[in-house]
> 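Structure in structure tokens, see below.
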Amino acid sequence: AWGRFFSQLVTSWNPAWIMINGMRDFQTVLNNMTNDPKVGLGMANQMRKEWTQSFVTAFKYQVATEAIKSNGYYGKLLGTLSERHPIDPKEAQYFEEFRKDGAETFFYDRKKTEMTLEKMNRHLNPKKGIWGWTQETASAVGDFIELMSLPMETAPRFAVYKVLRENGFSREDAAVYAKEVSVNFNMQGSSAWLRSAFAFLNPSVQGNFRQYKDYSRSKTGIGRFLPSNRFAATAASAMMLGILGNFIARALGGEDDDL
């Protein structure tokens, strides 16, 4: 279907998607936590500080560990890196609990990860001929993008999970919040044809609904239609950053050539 093709064109077949997706997820989680009175700016800031270490841990668990099992070039390379930089025991415990509590997104598929690594290893000994080499290269690039997107998507969720646990949340509550603080890919809806017809329909619906939940000043009366102070402050900050970025771009861009 067109929707599926277009979404793959923007994501799986786009090398820039790794960083774009990671930055977007991080910003979304940061904004949603800031607007949520249950956690607020304090825990959102803690999540920001935890993101880098969370990415490293997710990469080691979701990519490096599976690569070591697959042997081959990537298994040896990442195995050496894992031996030099082992996972901190506390981080390892948190990540194991993060997995057992079901906080990982639906997109994580260990079997698919193993197949991806096998295909990348086979790429080192490609088929003969220019067409065979082109096929192997294109496939390997696409698989690499999907593979690296795993820890990028997991990092902010894992950071949220750790922060909530350290602030007294139960394992169950921390897992549910970490899964739903951004797009919960386990929730896809019942209308397959709508998802096929409109690219990124699921994240669009969930994202807007999440914004609406944090938007309202109160749950009853006219307050349902008025923004909360937290939401208004976050929205104003985002607008000012956009305006400031535009001013900087205009200042550095020089003047247009006269026609």
> Run the side-chain contact (heavy atoms from CB on, under 4.5 Å) test against S237 and tell me which residues pass, sequence neighbours left out.
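Not a single residue meets the side-chain contact (heavy atoms from CB on, under 4.5 Å) criterion with S237.
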> Using side-chain hydrogen bond (donor to acceptor under 3.5 Å, both in side chains) as the criterion, list what pairs up with Q27, not counting sequence neighbours.
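Q27 satisfies side-chain hydrogen bond (donor to acceptor under 3.5 Å, both in side chains) with no residue once adjacent residues are dropped.
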> Quick one: CD on E180 to CG on N32, what's the gap to the nearest 0.5 Å?
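Those atoms lie 11.5 Å apart.
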> In the single-linkage hydrophobic clustering (I, L, V, M, F, W, Y; side-chain heavy atoms under 4.5 Å), do M19 and V29 co-cluster?
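Yes, same cluster.
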> List the residues meeting side-chain hydrogen bond (donor to acceptor under 3.5 Å, both in side chains) with N229, not counting sequence neighbours, and say none if there are none.
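So N229 forms no side-chain hydrogen bond (donor to acceptor under 3.5 Å, both in side chains) with any residue.
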> If the test is side chain to side chain contact (heavy atoms under 4.5 Å, CB included), which one of F98, F55, Y61 qualifies with T154?
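Running side chain to side chain contact (heavy atoms under 4.5 Å, CB included) over F98, F55, Y61 with T154 returns exactly one hit, F98.
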> If a pair satisfies salt bridge (Lys or Arg N to Asp or Glu O under 4.0 Å) and one of its residues is in residues 38-53, list it, with sequence neighbours excluded.
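Listed once each, the pairs are E50-K162.
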> Regarding T234 and N35, is there a side-chain donor-to-acceptor distance under 3.5 Å anywhere?
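Yes, side-chain donor-acceptor contact under 3.5 Å.
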> Do M240 and F247 sit in one hydrophobic cluster, given that two such residues count as connected whenever their side-chain heavy atoms are within less than 4.5 Å of each other, even indirectly?
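Yes: a chain of side-chain contacts under 4.5 Å links M240 to F247.
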> For the residue pair L164 and D173, establish whether any side-chain heavy-atom pair is separated by less than 4.5 Å.
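Not touching, per the 4.5 Å side-chain cut-off.
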> Check the pair M152 / F26 against side-chain contact (heavy atoms from CB on, under 4.5 Å), numbers first and verdict last.
CA-CA 9 Å; M152 277 290 189; F26 174 78; over 6 Å; no
> Is any side-chain heavy atom of D25 closer than 4.5 Å to a side-chain heavy atom of W51?
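The answer is no; the side chains never approach within 4.5 Å.
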> Rounded to the nearest 0.5 Å, how far does CD1 of I87 lie from CZ of F59?
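Taking CZ in F59 and CD1 in I87, the distance rounds to 11.0 Å.
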> Just by distance, no angles: are the side chains of Q62 and E104 close enough, under 3.5 Å, to form a donor-acceptor pair?
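On atom types as modelled, these side chains qualify, holding a pair under 3.5 Å.
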> Does Y177 form a side-chain contact (heavy atoms from CB on, under 4.5 Å) with D36? I'd like the steps, not just the answer.
CA-CA 11 Å; Y177 192 93; D36 191 341; 2.9 Å; yes
> Quick check against the 3.5 Å criterion: does D88 have a side-chain atom that pairs as donor or acceptor with the backbone of K90?
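Checking the backbone N and O of K90 against the side chain of D88, a donor-acceptor pair under 3.5 Å is found.
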> Tell me whether E172 at atom CD has more than 12 heavy atoms from other residues, nucleotides or ligands lying less than 6.0 Å away.
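For E172, atom CD is not crowded (no more than 12 foreign heavy atoms under 6.0 Å).
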> Between V176 and F95, is there a shared hydrophobic cluster once you connect ILVMFWY residues whose side-chain heavy atoms come closer than 4.5 Å?
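No, no single cluster joins them.
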> Do you see a donor-acceptor pair shorter than 3.5 Å between the side chains of Y161 and R165?
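Result is yes, a qualifying pair exists.
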> How long is the span from the OG atom in S182 to the CG atom in N31, to the nearest 0.5 Å?
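Those atoms lie 11.0 Å apart.
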> Just do the side-chain contact (heavy atoms from CB on, under 4.5 Å) check on N21 and E153 with the steps written out, would you?
CA-CA 7 Å; N21 189 41; E153 288 187 1; 3.2 Å; yes
> Under the side-chain contact (heavy atoms from CB on, under 4.5 Å) test, which residues partner I248, sequence neighbours left out?
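Applying side-chain contact (heavy atoms from CB on, under 4.5 Å) to I248 gives L244, L252.
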> Apply side-chain contact (heavy atoms from CB on, under 4.5 Å) to V56 and list each qualifying residue two or more places apart in sequence or on a separate chain.
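So V56 forms a side-chain contact (heavy atoms from CB on, under 4.5 Å) with Q53, K60.
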> Are L30 and M47 close enough that some pair of their side-chain heavy atoms sits under 4.5 Å apart?
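When only atoms from C-beta onward are counted, M47 and L30 do touch, with a gap below 4.5 Å.
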> Of all heavy-atom pairs between A103 and A178, which one has the smallest distance, and what is that distance?
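Answer, listing the atom of A103 first, then A178: CB-CB, 4.4 Å.
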